[in-house]
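All remarks here apply to the structure that follows.
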Protein chains: 2
Amino acid sequence: MRASPAFTPVSVEELLAIQSFRHGERVVEAGRAVIEESRASPQLFTLYSGWAFRFKTLSDGRRQILSFLLPGDFIGVQDEFADGQTHGVEAATVVTLCVFPRDKLWPLFNSQPRLGYDITWLAAREEKMVDDNLVTAGRRNATERVAMLLMHLYRRARRAGLERDGWVEFPFNQQHIADAIGLSLVHTNKTLRRLQQLGLHEFDNGWLRILDPKALEALGDYFERPLRPTPLI
Amino acid sequence: MRASPAFTPVSVEELLAIQSFRHGERVVEAGRAVIEESRASPQLFTLYSGWAFRFKTLSDGRRQILSFLLPGDFIGVQDEFADGQTHGVEAATVVTLCVFPRDKLWPLFNSQPRLGYDITWLAAREEKMVDDNLVTAGRRNATERVAMLLMHLYRRARRAGLERDGWVEFPFNQQHIADAIGLSLVHTNKTLRRLQQLGLHEFDNGWLRILDPKALEALGDYFERPLRPTPLI
DNA sequence: CGTTGAATTGAACACCATCAACGAATGTGG
DNA sequence: CCACATTCGTTGATGGTGTTCAATTCAACG
């Protein structure tokens, strides 16, 4: 992964610090919890492979997906300061994770300020994504929401190197999409269908292809920007 | 401010580091921009006094308020990694800010890892608030949204020590509320009115009092949790 | 071949947006 | 001091977007 231009280079010393910080790997099956919503996790993770997502549920079961997670994303910083109030993380595909013990987070900051800075970088980037999702849920109509989400996920997957001939793996069903953009399942279906019939995108057996990115960008009022390389912990 | 139990104690050395990090104060009038939405700010801030809020606008003018800022909040970390895409910050009252030059952020992390850790703490807490707002905009109905927002702002103000005899300063008009919870101005008004007539809360000339916190908590499915002391940069 | 979960579609309705109008409070200039 | 403009809160009427309910299709799988 580190070879990818999407990630910042890292010194040998930092790499060693990351190595000593980590505490093994973990594999989670599709549909299983990486972090239970009910209790704060004693671990942090870096996602190595697969798709996951963060979510919250209201007491009557309504669920909101907060953000999606791709390889390179750091999981669990928000919980460092949880006070009980937390969110769940669920694997959407089989997922492999690098495990870090939470109580080593401060020692890591202390001994490797650069890595602490990088973690802040990642946390800030994550918040910006939630910001965007909040704009979507609060101020966009159904068509705009779907267009925005499709472009968002497609771009991120492509950047994470998951594109193959224009297709990216898309392991989400319509309930996931509905929960991410704040619509009902039925209306999500109808909106998705309409965009598909307009020829803007295409699904095939868990893969997604964008046929008219400009149209989707314009519909969603959501345009790509150049991205800097991302730190990888 | 540091005397308040809401904030974590800080060592003399850290205090000196904060002092050397800072770069003066700034006062912004109510309704003026602290950070322009269009361009990334070369400065970071700690809010000393007053209310402010972060927001984003779509190209046709629809606005979404992302989160509210109170004394002690750290402003601008998200932008450290902006890539152009950013958000605005506007003062809701007269506001005084402590100014930090952005290019000293990394040196601060480097020389004072503890302060770096604290900044991450604040960034993570901020993201959790945006998470909550996203659940609101995505999955709550109008009544629940208003109830949740009122309790949220009231609690935060109280915690920041802004309560006087059960009243807290509330410098927002109904357009602000509508933009925060993703409703139209008119429907926000009607919902607010209904809750007021039920005797759940009361407004008076820019101040807010909660008359029935339990009812509002239950309506919004949004319950208070014990909070740990917050770092203050 | 029956079962299950997901996608799809139609119909009825509710919630919320939009439009329009008015009142109260405040400020401004003549 | 009054005429006028401006901003904000309020309310009613109307309609649309999206929800809810219900049923059907379809693919996958035992």
Side-chain angles (χ1 to χ4, degrees), chain A residues 29-32 51 58 60-65 90 92-93 135-150 169-198 201-208 219-220, chain B residues 29-32 58 60-65 90 92-93 136-150 169-198 201-208 219-220:
Chain A
E29 295 301 316
R32 307 299 295 270
W51 284 88
L58 294 175
D60 66 354
R62 281 174 287 179
R63 180 174 75 165
Q64 176 68 39
I65 291 182
E90 184 177 315
T93 60
V135 175
T136 296
R139 286 290 173 230
R140 280 188 244 249
N141 66 28
T143 308
E144 295 167 339
R145 293 184 200 209
V146 171
M148 186 273 191
L149 186 79
L150 290 178
E169 186 187 16
F170 193 87
F172 304 106
N173 61 28
Q174 298 186 349
Q175 186 66 62
H176 288 116
I177 302 180
D179 286 348
I181 61 185
L183 291 179
S184 71
L185 174 61
V186 173
H187 199 62
T188 300
N189 174 288
K190 287 172 181 169
T191 308
L192 223 29
R193 204 98 253 286
R194 204 169 341 110
L195 294 187
Q196 205 155 25
Q197 274 161 5
L198 289 173
H201 73 280
E202 195 179 355
F203 284 112
D204 181 45
N205 193 32
W207 289 73
L208 163 68
L219 267 180
Chain B
E29 296 301 318
R32 308 298 296 269
L58 294 175
D60 66 355
R62 281 174 287 179
R63 180 175 76 165
Q64 176 67 41
I65 290 182
E90 185 176 316
T93 61
T136 296
R139 286 291 173 231
R140 281 187 243 249
N141 66 30
T143 308
E144 295 167 338
R145 291 184 202 209
V146 170
M148 185 275 190
L149 187 79
L150 290 177
E169 186 186 15
F170 193 89
F172 304 106
N173 59 30
Q174 298 186 348
Q175 186 66 63
H176 288 117
I177 301 180
D179 287 348
I181 62 184
L183 291 179
S184 71
L185 173 61
V186 173
H187 199 63
T188 299
N189 175 288
K190 289 172 180 170
T191 308
L192 223 30
R193 205 99 252 287
R194 204 169 340 111
L195 294 187
Q196 205 155 23
Q197 275 163 2
L198 289 173
H201 72 280
E202 196 179 354
F203 283 113
D204 181 46
N205 195 33
W207 289 73
L208 164 67
L219 266 180

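Letters go in sequence order (proteins before strands), and every chain restarts at 1.
- Note on the helix from C/dC1-D/dG30 to C/dG30-D/dC1: terminal axis deviation equals 30°, with five pairs used at each end and the result rounded to 10°.
- Qualifying salt bridge (Lys or Arg N to Asp or Glu O under 4.0 Å) partners for B/E202, counting only residues two or more places apart in sequence or in other chains: B/R209.
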Short N/O separations, protein against nucleotides 24-26 of chain D, under 3.5 angstrom:
none

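- Here the straight-line distance linking atom CG of A/L219 with atom CE of A/M148 works out to 13.0 Å at 0.5 Å rounding.
- Listed by chain and number, the residues in a side chain to side chain donor-acceptor pair (under 3.5 Å) with B/T188 amount to none (sequence neighbours excluded).
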Give the table of side-chain donor-acceptor pairs shorter than 3.5 Å for residues 171-181 of chain B, with sequence neighbours excluded, one pair per line with atom names and distance.
unit_1: B/N173; atom_1: OD1; unit_2: B/Q175; atom_2: N; d: 3.0
unit_1: B/N173; atom_1: OD1; unit_2: B/H176; atom_2: N; d: 3.0
unit_1: B/N173; atom_1: OD1; unit_2: B/H176; atom_2: ND1; d: 3.0
unit_1: B/Q174; atom_1: OE1; unit_2: B/N189; atom_2: ND2; d: 2.8
unit_1: B/Q175; atom_1: NE2; unit_2: B/D179; atom_2: OD1; d: 3.1
unit_1: B/H176; atom_1: ND1; unit_2: B/N173; atom_2: N; d: 3.1
unit_1: B/D179; atom_1: OD1; unit_2: A/R139; atom_2: NH2; d: 3.1
unit_1: B/D179; atom_1: OD2; unit_2: B/R63; atom_2: NE; d: 2.8
unit_1: B/D179; atom_1: OD2; unit_2: B/R63; atom_2: NH2; d: 3.0

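- Applying the salt bridge (Lys or Arg N to Asp or Glu O under 4.0 Å) criterion to A/D60, with sequence neighbours excluded, gives A/R62.
- Legend: residues meeting side chain to side chain contact (heavy atoms under 4.5 Å, CB included) with B/Q197, ordered by chain and number and at least two apart, are B/R193.
- Applying the side chain to side chain donor-acceptor pair (under 3.5 Å) test to A/R145 and every residue at least two apart in sequence or in another chain returns nothing.
- Taking each heavy atom of A/E169 and A/W207 in turn, the nearest pair found is N-CE3, 3.2 Å.
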In 5'-to-3' order, the base (B), backbone-only (S) or no-contact (-) status of each nucleotide in nucleotides 12-26 of chain C, using a 4.0 angstrom heavy-atom cut-off, is ----BSBB-------
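- Side-chain N/O atoms of A/R193 include one lying less than 4.0 angstrom from OP1 or OP2 on C/dT9.
- Atoms CG and CD, on B/L58 and B/Q64 in that order, are 9.0 Å from each other to the nearest 0.5 Å.
- Residues satisfying the side chain to side chain contact (heavy atoms under 4.5 Å, CB included) test with B/S184, not counting sequence neighbours, are B/V186, B/H187.
- Interface residues of residues 172-180 of chain A facing DNA chain C, ordered by number: A/N173, A/Q174; criterion, heavy-atom separation under 4.0 Å.
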